[in-house]
Amino acid sequence: MSSTVKGLIAGIAAVILLGGGIAAMKLTEPKPETADSSSAADESVPLKIYEGDYNDIKTLSVKNKNGGYTLKRTYRAASAEEQSRFEIAELENVKLDAILLSEFAPNAATLTASKLIEENCQDFSRFGLDLPETEVTIAFDGENKQDITLLVGNDTPSGDVYVRLKDSDTVYSAASSFIKSYSYEKEYFVSRVVLEEPAEEDFPIVSSIKVHRTDLEHDIVLEYAGESESGGTTATHVMTSPVNAYLDISDSVNYTHGLFGLSADSVLSIAPTEEERSFAGIDEPLCTVVMKVEDGTEYVLRIGNRYDKDGSGQECYIGYFEGTDILWLFNADSVPWVTMKPEDAMSSLVFGSYIYDLSSLEVTSDSRTAKFSFEGSSADDYKVKLDGNDYDLERYKQFYQALIKAPAEEICLTDEGIGRLMASVVLSYNNGKEKETVEFYETDENKVIIKKNGVTSFRCRSSFVEKALIPNILKLQGNEEFVTNW
């Protein structure tokens with residue numbers, strides 16, 4: 001069991017946060033900015049503690065309080081145009097951070113001191129170098145074959161770190177920016193990208209996204225509807241559960257495509273045990289996201305316990321992505337499905353059809369029924385008739401633009417308090433799409449319940465029906481301007 005998850009399990013017994021999250025957890029430290037370990041010293045001539053060619057590094061073995069790791073060369077560059085390649089021996093089946101790995105050996109090949117602290121030192125304990133927590137052994141081959149062992153001690157008052165070679169009694173200080181990486185766990189090298197984002201030309205169609213959560217009565221399901229079948233919202237996906245609804249193109253994309261390019265904050269455990277999975281909440285997750293793409297491939301992300309990272313107030317979640325046997329730590333912003341509400345992805349439009357998609361449109365109120373029929377499929381040949389008589393196309397457009405302002409202000413899944421039918425709209429399509437019926441029912445709360453194809457779906461303010469929809473139906477035969485605000 002990794003040391004990070006041992007801390008995770010121990011923390012559970014002490015404090016439990018909302019939703020069963022973990023209060024205390026030791027994480028792999030964040031990656032430092034890439035730095036050259038041979039940064040300039042105060043002296044005009046750099047003081048080299050050791051020097052070598054990174055291509056000659058055969059292995060680099062680290063022992064530290066977190067267990068350590070071994071860097072090993074897998075390919076030696078044959079020319080200056082090539083780069084030697086390395087891997088972490090303990091992580092052969094795990095995707096690593098390619099940039100970090102490519103920079104690691106060059107940074108480790110030579111170490112330059114910031115200062116010479118003491119020669120002929122007799123008391124290494126003053127610098128944390130008598131029983132150091134971190135020991136690094138580098139095996140060089142090639143023309144300058146050698147093995148060097150570096151001991152890493154305490155931090156200096158100036159923020160550097162004390163170091164010495166194991167077979168030397170000279171103590172130096174050196175820049176800590178790279179040397180600190182010797183104290184990290186092997187998980188430090190794991191790529192934080194959970195699922196790669198494909199190149200634009202290779203991006204697959206996301207067939208569906210299903211969000212299952214313990215706090216939701218119904219799953220949230222978003223499905224691909226096609227470039228021309230998703231309505232005037234221009235979003236390529238629609239919601240099919242808990243209601244049928246159009247999606248907002250900007251608000252929905254993080255939910256429909258957010259798994260691609262998903263990155264974690266930290267790695268908690270590689271190949272977690274059953275005990276680790278259980279304590280992390282993965283076996284009974286708070287949230288499960290299932291994404292299917294056009295070729296049938298299915299991706300599953302399970303989100304477990306929530307906790308406050310390092311007591312900083314930063315909300316995080318533990319996650320497990322099927323296909324990568326790793327416990328990840330995610331910032332809350334990276335996994336928006338955990339707190340997603342259906343309204344977060346929805347468009348506010350009840351009607352989403354393009355004007356030229358319709359073959360007929362029938363609107364009914366208490367005192368008037370009007371039926372439009374259409375011919376053509378574009379502005380060049382489109383003709384409108386109202387109750388069998390020719391009707392001005394521009395005036396119809398004004399009516400339709402007012403009609404589609406019907407707002408889906410909130411989801412409604414119950415008929416409680418429903419009253420009389422106030423108005424209805426029936427849309428028939430010329431593109432093969434099934435006929436759609438939208439009904440507006442009175443309630444006793446100054447709200448209107450909206451049903452789509454007989455299914456209770458939304459609520460909106462009654463003022464839309466009373467001050468816009470019904471008056472506009474009555475104005476169809478005249479020249480009076482339609483109501484567009486209410």
Side-chain angles (χ1 to χ4, degrees), residues 28-73 83-84 86 88 99-186 188-189:
T28 299
E29 296 189 44
K31 299 176 182 179
E33 296 180 3
T34 300
D36 186 351
S37 62
S38 60
S39 6
D42 293 338
E43 296 82 355
S44 58
V45 179
L47 181 59
K48 298 289 178 62
I49 300 174
Y50 67 84
E51 185 173 11
D53 184 338
Y54 94 94
N55 293 298
D56 292 338
I57 295 179
K58 183 178 180 181
T59 60
L60 183 153
S61 300
V62 175
K63 297 178 182 178
N64 60 37
K65 63 181 180 181
N66 294 312
Y69 51 84
T70 301
L71 181 83
K72 67 177 183 180
R73 190 180 62 216
Q83 284 189 322
S84 294
F86 298 84
I88 303 300
I99 294 176
L100 176 64
L101 201 59
S102 69
E103 295 175 345
F104 196 83
N107 278 327
T110 297
L111 181 61
T112 301
S114 300
K115 292 180 180 179
L116 191 157
I117 302 300
E118 186 174 332
E119 293 182 299
N120 302 314
C121 179
Q122 301 301 310
D123 183 8
F124 294 120
S125 64
R126 292 182 294 134
F127 309 107
L129 291 168
D130 55 334
L131 298 171
E133 290 187 339
T134 302
E135 180 178 308
V136 184
T137 300
I138 307 177
F140 291 91
D141 56 15
E143 293 182 2
N144 298 309
K145 183 176 180 180
Q146 61 174 324
D147 290 353
I148 67 102
T149 298
L150 179 73
L151 305 182
V152 181
N154 298 335
D155 292 343
T156 72
S158 64
D160 287 344
V161 62
Y162 295 116
V163 297
R164 74 177 177 96
L165 296 179
K166 190 173 184 179
D167 58 358
S168 171
D169 57 8
T170 301
V171 176
Y172 303 91
S173 66
S176 63
S177 53
F178 173 73
I179 291 178
K180 281 292 185 182
S181 61
Y182 290 143
S183 66
Y184 301 157
E185 297 173 310
K186 63 181 181 296
Y188 165 71
F189 293 92

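Computed from heavy atoms alone, side chains included, the values below leave out hydrogens, waters and symmetry copies.
I117 and S173 get closest at one heavy-atom pair: CG1-N, 3.5 Å. Annotation for A113 and Y172: closest pair CB-CD2, 3.6 Å, computed over non-hydrogen atoms. The shortest heavy-atom contact between N66 and S183 is ND2-O, 2.9 Å. Minimum interatomic distance between F140 and G52 (heavy atoms only, all atoms of both residues): CE2-CA, 3.9 Å.
At a cut-off of 3.5 Å, with distance as the only test, a side-chain donor of S114 or D160 sits close to an acceptor on the other residue. Residues S84 and N55 have side chains that bring a donor and an acceptor to within less than 3.5 angstrom of each other. Checking T137 against T149 by side-chain atom types alone, a donor-acceptor pair falls below 3.5 Å. No hydrogens or angles considered: a donor-acceptor pair under 3.5 Å links the side chains of T156 and S158.
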For this session: Decide yes or no on salt bridge (Lys or Arg N to Asp or Glu O under 4.0 Å) for K63 and E133, but give the supporting numbers first.
Result: CA-CA 8 Å; K63 297 178 182 178; E133 290 187 339; over 6 Å; no
For this session: Let me see the working for V136 and L60 under side chain to side chain contact (heavy atoms under 4.5 Å, CB included), right down to the final yes or no.
Result: CA-CA 7 Å; V136 184; L60 183 153; 3.9 Å; yes
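How far NZ of K166 is from CG of D147: 12.0 Å, rounded to the nearest 0.5 Å. The distance from atom CG of D130 to atom CG of D123, rounded to the nearest 0.5 Å, is 7.5 Å. The structure places CG of L129 at 7.0 Å from CG of N154, a figure rounded to the nearest 0.5 Å. To the nearest 0.5 angstrom, I57 atom CD1 is 7.0 Å from L71 atom CG. One distance of note links CD1 of I49 with OG1 of T170; it measures 10.0 Å at 0.5 Å rounding.
Stacking of R164 on the aromatic ring of F124 is recorded, both the 6.0 Å distance cut-off and the 45° axial limit being met.
At distances below 3.5 Å, at least one donor-acceptor pair connects side-chain atoms of S176 with backbone N or O atoms of G159. The backbone N or O of L116 lies less than 3.5 Å from no partner atom in the side chain of E118, so there is not a single donor-acceptor pair.
When each of Y184, Y54, F189, F86 is checked for a ring-ring contact (aromatic ring centres under 6.0 Å, His included) with F104, only F189 meets the rule. Considering D155, V161, T134 in turn, D155 is the only one that fulfils the side chain to side chain contact (heavy atoms under 4.5 Å, CB included) rule with K180.
With a 6.0 Å radius and a threshold of 12 heavy atoms from other residues, nucleotides or ligands, N144 has its CG atom at or below the threshold.
For the pair R73 and D141, the salt-bridge criterion is met [side-chain N within less than 4.0 Å of a carboxylate O].
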